[in-house]
Amino acid sequence: MSEGREKTWSGRFTQPTDPLMEQFSHSIQFDRRLFKADIEVNKAWAKALGRIGIYNGQELETVINALEEIDTEYHRGQLQIKTGDEDIHSANERWLTEKTGELGQRIHTGRSRNDQVVTDLRYYLRQEIDRIVDSIKALQGELIVVAENNIETVLPGYTHLRQAQPISLSHYTMAIFFQMQRDKVRLAEARKRVNVLGLGSGALAGAAFPVDRKFLAEQLGFEDISENSIDATSDRDFVFEVLSACSIIMVHLSRFCEDFIAWSSEAYGFVEIDQAFSTGSSMMPQKRNPDSLELIRGKSARVIGNQVKLLVLLKGLPHAYSRDLQEDKEPVFDTIDQTKMSLDIFKAVVQTMKINQEKMKGSLTQSLYATDLADYLVKGGIPFRNAHAIVGKIVSWIEQENKKFSELTLDEFKQYSPVFEKSVYQLFHPGYSLQLRNVRGGTGGASIRYQIKRAKKLLDK
Ligand code: ARG
């Protein structure tokens, strides 16, 4: 049997924990990710205890120094985890006690792992949010570069995966930018609710020592202090918000990946994914697959799954802490890792992707100008619904005759409507179609330049 007697809580126990139960219940394999946060939270707590006389000045210094030593030694791999260490919080307390004896035994005064773990998690998440936001910003910067270089690059825009209207590649690229912008704002919003101090809540009823929570919040950089200890120790809605924001990021990325996967296929040939982000086939020598993008699409499922895991975990959980809450960690760590990596990979793919302007242009069919043709009639005084019907008839006829709009004679046009004049032929050029759409938010060059200007401002903020 293992070292059951050495556990932080083993006083009332006469028998050691079953080894299988230890294996089942221990979280240190994954919550060691909270090591650094736990050290910082311990330092702040020790200082707060110093202010209420649990440690005198000399003792506090010893404790702080020991915690710093633990930090260094842990990263050097000099500290061993023992079978009895349930989680990173118990391990840090053991190391501190081994270094400082009785002083380490005082560190948990007025505190529970319930308020400690939630504080660590908030501290950790705040940092990770900032790292994800940095990745989003880097991607946005790259998107602006692509947009600036491709205002004149025209490709067919699709709805229902059918050619719809010509668009500029910049316009498409800026769509990614603005979706990422909202993702960033969503994370910043979630961060406000993450950045709240839970420490001082005890197990559920609040610390029975007059710890200065304002001081603790300042020490740890929390902008707010939880108002209720049951709420603070039992809820994980702040985690849920971050996982939701990450799910949305991944769904956004996944859809753009899908576009690029299609565009890089033989059928489209619009873009070429760099070899560094493609893989081959073990069987078919000719293959070059866009696995980077497929993996982002696949990982979005994983991140969405993590969000659902957390919701299910909380549903029906009594107040306050139950051990179920330990299960929140792995989905959090996984979502953070996958989202960050997906953003970085997506950015690199965009950065290195070859854009085949000729292929894009070559795939434009004249059917893309059907809406412009109807609009032309509207400008000649025909109500849009009638104009739509007239152009519909022209489309139907030229489909039968296997002709293009530009191949119709003016007389043929006039058979459908007397409003048609020679000027109709200028419609059948992609550049012309784009310039019709300089409305704010449209795909016209001036509109795109305005989008880029706005985007740069948002990015500088
Ligand atoms: N490892 C636990 C967790 O992550 C720490 C809290 C344990 N608290 C308790 N009362 N058993 O949730």
Side-chain angles (χ1 to χ4, degrees), residues 2-13 15-42 45 74 79 81-97 107-128 194 196-208 226 229-240 242-243 306 309-336:
S2 66
E3 311 141 71
R5 304 290 310 165
E6 288 173 17
K7 291 194 168 63
T8 51
W9 41 259
S10 50
R12 58 99 66 228
F13 282 75
Q15 282 177 24
T17 317
D18 186 278
L20 190 60
M21 173 57 187
E22 282 194 329
Q23 201 192 333
F24 183 62
S25 65
H26 285 196
S27 55
I28 194 150
Q29 343 55 279
F30 52 82
D31 68 18
R32 42 194 308 173
R33 293 267 300 248
L34 297 175
F35 172 82
K36 183 70 182 161
D38 198 65
I39 289 289
E40 294 309 317
V41 167
N42 268 305
W45 187 246
Y74 179 85
L79 296 176
I81 285 162
K82 283 197 189 165
T83 27
D85 295 329
E86 271 185 58
D87 50 29
I88 195 63
H89 325 290
S90 331
N92 272 337
E93 187 177 325
R94 179 173 65 78
W95 290 321
L96 181 66
T97 304
I107 189 76
H108 215 52
T109 307
R111 187 175 73 176
S112 157
R113 269 181 303 165
N114 300 353
D115 62 343
Q116 184 179 3
V117 75
V118 86
T119 308
D120 287 9
L121 194 56
R122 286 173 178 279
Y123 187 97
Y124 163 87
L125 263 182
R126 186 179 67 194
Q127 238 165 10
E128 295 301 315
V194 166
V196 178
L197 177 84
L199 206 60
S201 299
L204 82 161
S226 63
S229 57
I230 294 176
D231 176 32
T233 51
S234 67
D235 206 5
R236 294 292 185 270
D237 59 350
F238 67 98
V239 178
F240 185 65
V242 177
L243 296 205
N306 288 336
K309 265 188 217 168
L310 199 84
L311 261 188
V312 179
L313 181 70
L314 288 180
K315 182 208 158 292
L317 205 64
H319 290 92
Y321 181 89
S322 297
R323 190 65 177 269
D324 312 45
L325 286 173
Q326 179 168 290
E327 293 292 317
D328 66 353
K329 312 284 177 317
E330 283 172 297
V332 170
F333 299 147
D334 189 51
T335 282
I336 296 288

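Atoms within a ligand are numbered from 1 in the order they appear, just like the ligands themselves. In this chain, numbering begins with 1 at the start of the sequence shown.
- Taking CG of N92 as the start and CD1 of I28 as the end, the distance is 8.0 Å to the nearest 0.5 Å.
- Ring orientation note: the planes of F333 and Y124 are nearly perpendicular, at an angle over 60° on the 30°/60° scale.
- Residue E86 is tested with K7, R94, R323 for a salt bridge (Lys or Arg N to Asp or Glu O under 4.0 Å); the sole match is R323.
- Qualifying salt bridge (charged side-chain N to carboxylate O under 4.0 Å, His left out) partners for D115, counting only residues two or more places apart in sequence or in other chains: none.
- Y321 and R113 are not linked by any side-chain donor-acceptor pair at a separation below 3.5 angstrom, with hydrogens and angles left out of the test.
- No side-chain donor-acceptor contact under 3.5 Å links K329 and S27.
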Identify the protein atoms, limited to N or O, that lie within less than 3.5 Å of an N or O atom of ligand 1, and list each pair with its distance to 0.1 Å.
| unit_1 | atom_1 | unit_2 | atom_2 | d |
| --- | --- | --- | --- | --- |
| ligand 1 | 1 (N) | S27 | OG | 3.3 |
| ligand 1 | 1 (N) | D87 | OD2 | 2.8 |
| ligand 1 | 1 (N) | Q326 | OE1 | 2.8 |
| ligand 1 | 4 (O) | K329 | NZ | 2.8 |
| ligand 1 | 8 (N) | N114 | OD1 | 3.2 |
| ligand 1 | 10 (N) | N114 | OD1 | 3.3 |
| ligand 1 | 12 (O) | Y321 | OH | 2.4 |

